Amino acid sequence: MSQLQSLRGMVDLLPEVLRRWQAVEAEARQHFRCAGFGEIRTPLLETTDLFCRGIGEATDVVGKEMYSFQDRGDRSCTLRPEGTASVVRAALQHGLLSQGAQKLWYAGPMFRYERPQAGRQRQFHQIGVEWLGAESARSDVEVIALAWDLLARLGVGGLELEVNSLGSPEDRLTYRAALVQWLEQRSEALDPDSQARLSTNPLRILDTKNKDTQALLEEAPTLADALSSESRERFEAVQQGLCTLGIPFRLNPRLVRGLDYYSHTAFEITSDRLGAQATVCGGGRYDGLIAQLGGAATPAIGWALGMERLLLVLEASAQADPDGTAAGLVAGSVPDAYIVNRGAQASAAALALARELRGKGLVVELDDSGSAFGKQFKRADRRGARWALVLGDEEAERREVRLKPLQQRGEESVIALTAMAAIVETLQTP
RNA sequence: GCGGGCGUCGCCAAGUGGUUAAGGCAGCGGCUUGUGGCGCCGCUAUUCGGGGGUUCGAAUCCCCUCGCUCGCCCCA
């Protein structure tokens, strides 16, 4: 390619898609504010060690997907592949937890060196929440509801919530041993990927997509059976809580998730409209992470939502229901007024008028071509403007402006340029 | 990282060895130098993602490369 272009998997966000993006962020911001979550912004670049220790060396994210490099001081740096580890690091660094539990949210780019496909980029964007110091089963329910309600608020349909419990770290160890023992006796029946995982990350064999391995796993010991009674009660309380709120969910005993720090509740919200990359939002409890990163043992839970994927389902929802909330967010904004102007004197008056109206919060386009009125009207029409404000030298001379409704036939009116209130009022009436 | 498909104007596309490389949308100009939505006319790719090769001749065939896409993997 001779022309300069962005790096593979790195995409530009152009005004048209950014409109939707900002609508989503505005909703999210408001939603989090109501729930008592405060925004946090952490650096995009962290020491590589943070992610190795936080996410786990054996995970794919750390093992093969990180953007890492040595900086000029010969430190190993990594572009963050996810948000949780950074947020925990920041909370510890600034002693936030000594002030009690922290309810935080963030939004920003993440980086994973993967092969791009629909709904998967190398730089992608997440909106996420982390509730550090959340202990109760109810906090799990509250946090899941926070994600579910945000999606509902955006008008995104066709979603499914899947939940599972990974149990306590001890439960997992016990289960892991039982599973490995069981699978080792049948290892020749496993697909090659799963065989490899037997030694590296056996729990991930559970969500294999290999049909034969899936069939074999039907008979295998289950994580649910390995849960201690305490863990089981906890998980039941979470399910009960979701039922009470009327949030539909599906138990998925195969839901394991790829990052090591998860324990107990794990969940995903998926869409059938995304193809292979179906997860829109994923999260869970990570009671061990904060201690692992050097803090006092502190239970916590959080989730992250993929912005690009969310926008894909949002657009699908908008198409399915043109009058719904999603469609409203997707729709572009249309100018309230388009100022058709021509001539030296009019030109100056038109700019002044545009400034005044914009100051009143109206969306005003000012034609800059100086071409024939017919051309300018044509452009005003193409933009979908509601009103054309006509300002030629005749009008400028008389200190007037003509207002012509464009969306339906109607009388053109003439208002003095000094009667700003009257102009604004006319423009605001549809 | 592995396997399949694809890449022609800003967008959607026809063309599959010899054509001036269709057409539509958008854009610009004109019919209409003070009034849009309809219509008509004209303009907008020396070039087919990029580079090499085969051939008298390549958008069309081959190789490499870049990118997109679908699946695997993984996750948001």
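Being a predicted model, the structure only gives us computed values, none of them experimental. Proteins come first, then strands; the chains are lettered A, B, ... in the order of their sequence lines, and each starts at number 1.
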Same-atom distance (P) from B:C25 to B:C40, integer angstrom: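 After rounding to an integer number of Å, I get 10 Å for this pair.
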B:G52 versus B:U60 - spacing of their P atoms, nearest Å: 14 Å
Grab the N/O contacts between the protein and nucleotides 4-10 of chain B below 3.5 Å, and write none if there aren't any.
none

Over-ring placement of A:Arg112 relative to A:Tyr67, 6.0 Å and 45° cut-offs: no
Does any pair with a residue in [range] pass salt bridge (Lys or Arg N to Asp or Glu O under 4.0 Å), and if so which ones, sequence neighbours excluded?
range                       : result
residues 328-341 of chain A : A:Asp336-A:Arg386
residues 26-35 of chain A   : A:Glu27-A:Arg153, A:Arg29-A:Glu39
residues 43-56 of chain A   : A:Glu46-A:Arg89, A:Asp49-A:Arg53

For A:Glu160, all residues meeting salt bridge (Lys or Arg N to Asp or Glu O under 4.0 Å), sequence neighbours excluded: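 Checked A:Glu160 against salt bridge (Lys or Arg N to Asp or Glu O under 4.0 Å); matches are A:Arg250.
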Rounded to the Å, how far apart are [X] [atom1] and [N] [atom2]?
X        : N     : atom1 : atom2 : result
A:Arg383 : B:A26 : CZ    : P     : 14 Å
A:Arg122 : B:G67 : CZ    : P     : 8 Å
A:Glu268 : B:C75 : CD    : P     : 9 Å
A:Asp381 : B:G36 : CG    : C1'   : 5 Å
A:Trp21  : B:A76 : CH2   : C1'   : 11 Å
A:Asp60  : B:A76 : CG    : P     : 12 Å

Heavy-atom side-chain contact between A:Arg80 and A:Pro43 under 4.5 Å: no
Sugar-phosphate, base or nothing in reach of A:Ala380, heavy atoms under 4.0 Å: nothing
Sugar-phosphate only, base, or nothing, as touched by A:Asp393 at under 4.0 Å among non-hydrogen atoms: base
Out of [options], which has the shortest distance to the side chain of [X]?
X        : options             : answer
A:Lys64  : B:G36, B:C73, B:A76 : B:C73
A:Arg309 : B:C75, B:U35, B:U69 : B:C75
A:Phe377 : B:G1, B:C75, B:U35  : B:U35

Any protein N or O atoms within reach of nucleotides 28-33 of chain B? Criterion: under 3.5 Å, listing atom names and distances.
from	atom 1	to	atom 2	distance (Å)
B:C28	OP1	A:Arg379	NH1	3.4
B:U33	O2'	A:Arg342	NH1	2.3

Basic-acidic side-chain contact under 4.0 Å: A:Arg20, A:Glu315: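 Looking at A:Arg20 and A:Glu315, the cut-off is met.
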